[in-house]
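Below is one structure, written out as structure tokens; comments come after it.
Chain naming here is simple, since letters A, B, ... match the order of the sequence lines and numbering starts at 1 in each.
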Amino acid sequence: MGKKIGLVSIALIVFMVFLMAFVSIASAAPGDHSNVVNTVHNVTRGLPGANPCEGCHIPHDASGAFLWARNPHASGGGSSVGPSSTTAIKPLCYSCHDGTVAVTGMKTVFDPTKANHKTKAASTLITSGSQKGQPYGPGRDCDLCHNPHDDGNTDFLIYGRTGANGAHVTVTPGGNVCVACHAGNLDASLGGTGINHRTHIVPSAVSMPIDAIWNPFAGDYTGTRLFDPTTNLVSAKANAVLACESCHTPHGSITDENSLNTMAPAQLCINCHK
Amino acid sequence: MKSRRFWYLVLVGGALTVLAVSLVSGCAGSENNGTVSTSAGQLVPGQGSENESQPVSDKVWQATLALHVEIGPSLPADQPADMAVIDGTMFVVDTGHGQLVEVTADGKSSLVLDGQVDPKLVLSAPMAIASNQGQLYVADSGTGRVLILAPSGKVSQVITLARGNSADALPPRPIGIAVWSDGSFAVSDANNHRLIKYDTAGNLLWTVGSGVPATGENGFNVPGGLALDRDGNVYVVDILNAQVKKYSADGKFVSAFGQSGDTAGRFSRAKAVAVDDAGNIYVSDSLAVAVQVFDQAGTYLGLVGRKDPGDQNSAPLFEAPHGLKIMDGKLYVVDRYAGLFVFDLPATPQGAGS
């Protein structure tokens with residue numbers, strides 16, 4: 001009798017192991033994808049029986065001829081219709097962020113006169129920052145900086161913004177959207193000097209200005225005309241600090257030159273140095 | 001005996017695991033192996049199976065490209081979303097710049113209508129336009145207003161849209177508009193998921209929708225483009241429900257069709273609609289990069305928008321097709337990136353009765 005219970009419990013344990021495998025696969029395999037459920041990207045929230053993934057992963061009817069000209073996967077494929085974007089991700093994002101489903105991004109991201117942020121070929125590996133060793137491409141697109149499944153860092157950004165003041169894209173190595181790949185342009189493979197950003201931005205926190213120690217609102221730099229907090233370049237967001245976005249824009253610029261957020265670099269400097 | 005039970009449990013566990021794995025990968029959809037069953041009566045182009053309907057290449061919708069105006073000197077617009085046509089002249093909604101661009105019938109020259117023409121003509125993300133008796137009705141999504149103006153750009157009326165229900169948290173965000181011959185008009189309110197009809201003076205007549213995303217006959221999840229048919233019924237693209245819904249002029253549900261999917265006859269991201277005199281329904285889809293055509297029963301009849309009209313898998317003519325109009329035997333398509341397209345439709349009506 002006791003032996004029987006023993007065997008049953010072994011069987012139960014084995015079963016539990018499978019059950020745990022089930023649970024862990026079900027919850028872990030989609031990984032952060034399931035985080036989408038509680039974000040604005042779950043466009044079927046509150047609708048009974050709705051699939052939170054289908055807003056983007058449009059269901060495919062196996063018997064039908066594929067009509068979706070733009071497969072949303074970075075790897076492409078699935079359609080013989082040539083997409084006119086590098087990847088199909090941008091058209092997918094635009095299919096909502098075009099002023100219909102979502103109002104954000106139409107003007108800031110999809111202005112056709114702006115060149116997109118550049119990427120590199122598949123074979124190129126990121127040589128510094130938290131993404132070191134990861135390939136840049138191919139055709140990595142909005143997913144260079146965004147993970148549409150996860151809003152943990154706000155704005156669906158991949159990398160956290162952990163700088164001082166909880167600020168908007170700060171210059172804290174490893175904790176910055178840009179520095180994850182650019183390491184403040186210590187990255188010689190990106191044409192940097194290998195020592196410093198070509199301007200005075202040195203994220204090693206040795207030189208200034210770095211937002212972690214420089215606060216435009218504190219008036220700690222005399223002799224330099226700093227931000228007008230109401231119309232500063234960084235954006236209207238609070239706690240704007242000198243950061244990559246003071247001079248660059250993540251979504252490309254009309255200059256197509258270094259993603260600078262103004263046409264003339266000289267003008268760029270005059271914004272702060274009057 | 002005992003060991004048999006043991007293996008039974010092992011088997012159940014294993015099956016559950018396999019199920020879990022397939023569920024997970026199925027949900028991801030990354031291999032395009034999702035299985036959405038084909039609903040009866042809907043013609044989905046077949047691949048193989050004998051009792052399937054005709055292959056898609058036989059479903060050619062006749063439409064001959066007559067004019068393409070790219071964004072540029074003749075169409076200085078940023079992400080235009082819609083157009084109206086008066087006596088062949090096209091009035092394009094320049095959504096990005098917040099103005100209208102008047103394009104001549106030959107597509108060769110254009111004129112910008114903005115605040116310089118009439119100080120009242122100030123727009124913020126206008127998304128849709130319709131015409132009636134030589135007047136233009138513009139749905140200004142950024143300000144929740146409808147502007148009524150003459151083709152000259154002179155504004156005769158600015159209507160701040162009343163909420164469909166006073167309990168709605170946000171003012172209407174009109175992204176679709178349709179105008180009846182008596183001057184009354186309907187807008188689709190993307191903020192509150194409603195279809196709302198007003199009289200010419202802007203008084204609310206009726207509304208369909210509950211104020212929040214919903215499914216079913218009288219529910220929407222982001223209503224988009226609108227169009228009227230000859231009999232005054234209004235058609236609504238229910239973008240995130242992947243449906244087109246039809247209501248009578250007094251707001252009664254008539255019919256609906258459509259299903260989310262990435263194959264011909266399904267909606268990936270349907271945006272706007274137009275109806276021809278034979279009652280065929282044209283639906284622009286910015287992910288399928290095509291204008292698909294359906295009959296009143298929702299049967300798929302073919303598509304417009306491929307370089308080789310006979311081959312749905314040839315390169316697309318469009319980038320992100322949006323606003324549609326059908327006028328005097330012509331199909332007008334506004335593309336957010338690729339500009340303006342005008343197609344000649346054949347004189348003999350297609351699709352009717354099929």
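At a 4.5 Å heavy-atom cutoff, B:N191 makes no contact with chain A through either its backbone or its side chain.
Minimum heavy-atom separation, A:K107 to B:H97: NZ-N, 4.5 Å.
B:L240 has its side chain within reach of A:V101: a pair of non-hydrogen atoms, C-beta onward, lies under 4.5 Å apart. Using a 4.5 Å cut-off on side-chain heavy atoms (C-beta onward), B:Q79 and A:D98 make no contact. The shortest distance between side-chain heavy atoms of A:T100 and B:R269 does not fall below 4.5 Å.
Distance alone, capped at 3.5 Å, is enough to place a donor-acceptor pair between the B:R173 side chain and the A:G99 backbone. A distance-only check finds a donor-acceptor pair linking the side chain of B:K271 to the backbone of A:S95 [under 3.5 Å].
Note on B:G96, B:A81, B:A242, B:A190: by heavy-atom pairs under 4.5 Å with chain A, the leading option is B:G96. Among the candidates A:A50, A:G46, A:G55, the residue making the largest number of heavy-atom pairs closer than 4.5 Å to chain B is A:G55.
Atom-to-atom distance recorded for A:I58:CD1 and B:R266:CZ is 12.0 Å, nearest 0.5 angstrom. To the nearest 0.5 Å, atom OG of residue B:S260 and atom NE2 of residue A:H57 are 12.0 Å apart. Rounding to the nearest 0.5 Å gives a distance of 8.0 Å between CD1 of B:I239 and SG of A:C96. From B:N241, atom CG reaches atom CG of A:L47 across 6.5 Å, with rounding to the nearest 0.5 Å.
Checked against the 6.0 Å centroid criterion, the rings of A:Y94 and B:Y337 qualify as a close aromatic pair.
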### Task
Could you check B:V222 against A:V43 for side-chain contact (heavy atoms from CB on, under 4.5 Å), going step by step and ending with a plain yes or no?
CA-CA 10 Å; B:V222 189; A:V43 291; over 6 Å; no

